[in-house]
There are 2 protein chains.
Amino acid sequence: MKYYIKKLKCLSDETRIRILKVIIQSKTELCVCEIVDSLQIPFYTISKHIKELKNAEILSETKEGKFVLYSFVDKKDDFLNKIIDLIKSIPDEFFSNDIKLLEKRLSIRNNGKCVVGMNENQNL
Amino acid sequence: MKYYIKKLKCLSDETRIRILKVIIQSKTELCVCEIVDSLQIPFYTISKHIKELKNAEILSETKEGKFVLYSFVDKKDDFLNKIIDLIKSIPDEFFSNDIKLLEKRLSIRNNGKCVVGMNENQNL
DNA sequence: ATTATATTTGCTTATATGTGCAAATGAGCG
DNA sequence: CGCTCATTTGCACATATAAGCAAATATAAT
């Protein structure tokens with residue numbers, strides 16, 4: 001039961017929903033700095049929310065050199081898939097700025113990989 | 001956006017999930033006292049959680065004499081339907097006691113309507 | 001090695017949330 | 001009307017959660 005409640009608790013915060021939405025949008029895994037630049041929220045805040053999402057077994061991490069990448073865990077989990085579906089059904093228009101910045105950030109990737117850190121306050 | 005977040009916040013509490021689960025299980029509307037007896041949680045706690053669920057436009061209320069009945073709002077809401085679906089996918093075994101007590105409580109209905117108040121501490 | 005960059009973590013503070021109890025409301029009934 | 005029962009609400013308290021900042025890791029680059 002705690003397994004389910006923990007996941008559901010993760011859905012109760014707007015920042016976490018935004019994180020999940022950009023990961024869905026990216027269709028791959030995202031680097032922390034890419035999420036920071038997309039949402040324009042301090043890196044430590046993003047990091048803490050990601051920690052909870054990882055702890056709830058919603059996201060899983062991959063290390064790639066300096067960078068840490070996050071994506072959804074094992075797609076065979078029916079409950080998690082329903083959660084993803086639920087988030088997908090929130091209209092993109094509520095995330096239009098995040099998505100716009102995400103696209104700009106993704107366009108600086110090299111061979112599909114993140115190559116620069118955070119730009120945070122510099123206009124992308 | 002707040003519309004969505006408010007609903008999602010409602011999913012973050014185990015008591016609220018249990019309330020929603022028994023309403024789903026009943027396939028109709030439930031009286032507050034029936035929920036109290038099913039979950040064996042104080043009426044004021046149940047009442048406050050229901051208030052939030054109502055506020056998030058997840059549940060709607062019908063008054064019937066002394067009793068107040070709750071059920072899900074308008075079934076045409078896609079997001080709400082996905083939420084219901086999500087809750088349905090949490091295995092019944094986690095709610096087996098609630099469901100057992102619900103069935104006992106529903107069996108004292110008369111013409112499908114609630115006719116008695118709370119039994120709370122008396123073994124059903 | 002030393003430095004720079006990416007990310008996490010500990011500590012603090014402010015706010016939100018859940019629960020308990022007592023009192024209030026509201027609707028039927030003698 | 002006055003009483004009873006179902007439900008809601010206000011207040012107090014304890015706990016949980018989010019955010020900010022500084023310091024700690026970790027890895028890469030020079």
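Letters A, B, ... are given to chains in the order of the sequence lines, protein chains preceding strands, and every chain is numbered from 1.
- Between B:Lys21 and B:Asp92 a salt bridge is recorded (basic side-chain N to carboxylate O distance below 4.0 Å).
- Checking A:Lys66 against B:Gly65, the closest nucleotide of DNA chain C that is more toward the 5' end is the one next to A:Lys66.
- Going from atom CD1 of A:Ile50 over to atom P of C:dA6 covers 15 Å, rounded to whole Å.
- If you take CG of B:Leu39 and P of C:dG18, they are 15 Å apart, rounded to a whole angstrom.
- The B:His49 side chain lies nearest to C:dT19 when the options are C:dG20, C:dT7, C:dT19.
- Looking at heavy-atom distances under 4.0 Å, B:Thr45 makes contact with sugar-phosphate atoms alone, never a base.
- Protein atom CD of A:Glu34 is 11 Å distant from nucleotide atom P of C:dA6, rounded to whole Å.
- Atom-to-atom, CG of A:Asn119 to P of C:dA6 comes out at 9 Å; the value is rounded to the nearest Å.
- The shortest heavy-atom contact between B:Leu8 and A:Ile17 is CD1-CD1, 3.6 Å.
- Of the candidate nucleotides C:dG20, C:dT5, C:dT7, C:dG20 has the atom lying nearest to any side-chain atom of B:Lys48.
- Residues B:Glu14 and A:Lys2 are not paired through a salt bridge, judged by the lack of any N-O separation under 4.0 Å between the basic side chain and the carboxylate.
- Of the two residues contacting DNA chain D, namely A:Lys63 and B:Val32, the nearest-nucleotide position lying further toward the 5' end is that of B:Val32.
- Using a cutoff of 4.0 Å between basic side-chain nitrogens and carboxylate oxygens, B:Lys54 and B:Glu61 are scored as salt-bridged.
- In this structure, A:Lys63 forms no cation-pi arrangement with A:Phe67, as its terminal cationic atom is not both closer than 6.0 Å to the ring centre and no more than 45° off the ring axis.
- Atom-to-atom, CD of A:Glu14 to C1' of C:dA16 comes out at 16 Å; the value is rounded to the nearest Å.
- For A:Leu30 and C:dA6, the CG to P distance is 16 Å, given to the nearest whole Å.
- For A:Glu64 and A:Lys9, each mapped to the nucleotide of DNA chain D holding its nearest heavy atom, the one lying further toward the 5' end belongs to A:Lys9.
- The pair A:Lys104-A:Asp37 does not meet the salt-bridge criterion, since no charged nitrogen lies less than 4.0 angstrom from a carboxylate oxygen.
- The side chain to side chain contact (heavy atoms under 4.5 Å, CB included) check on B:Lys6 picks up B:Asn55, B:Ala56, with sequence neighbours excluded.
- Distance, A:Leu53 CG to C:dT7 P: 16 Å, rounded to whole Å.
- Contact annotation for B:Glu52: backbone-only contact, meaning every heavy-atom pair under 4.0 Å involves sugar-phosphate atoms and none involves a base.
- Computed from coordinates, the A:Phe43 CZ to C:dA4 C1' distance equals 14 Å when rounded to whole Å.
- For B:Tyr44 and C:dT19, the shortest distance from a side-chain N or O to OP1 or OP2 is not below 4.0 Å.
- The nucleotide range of DNA chain D contacted by chain A, defined by atoms under 4.0 angstrom from heavy atoms of the protein and reported 5' to 3', is D:dT17 to D:dA28.
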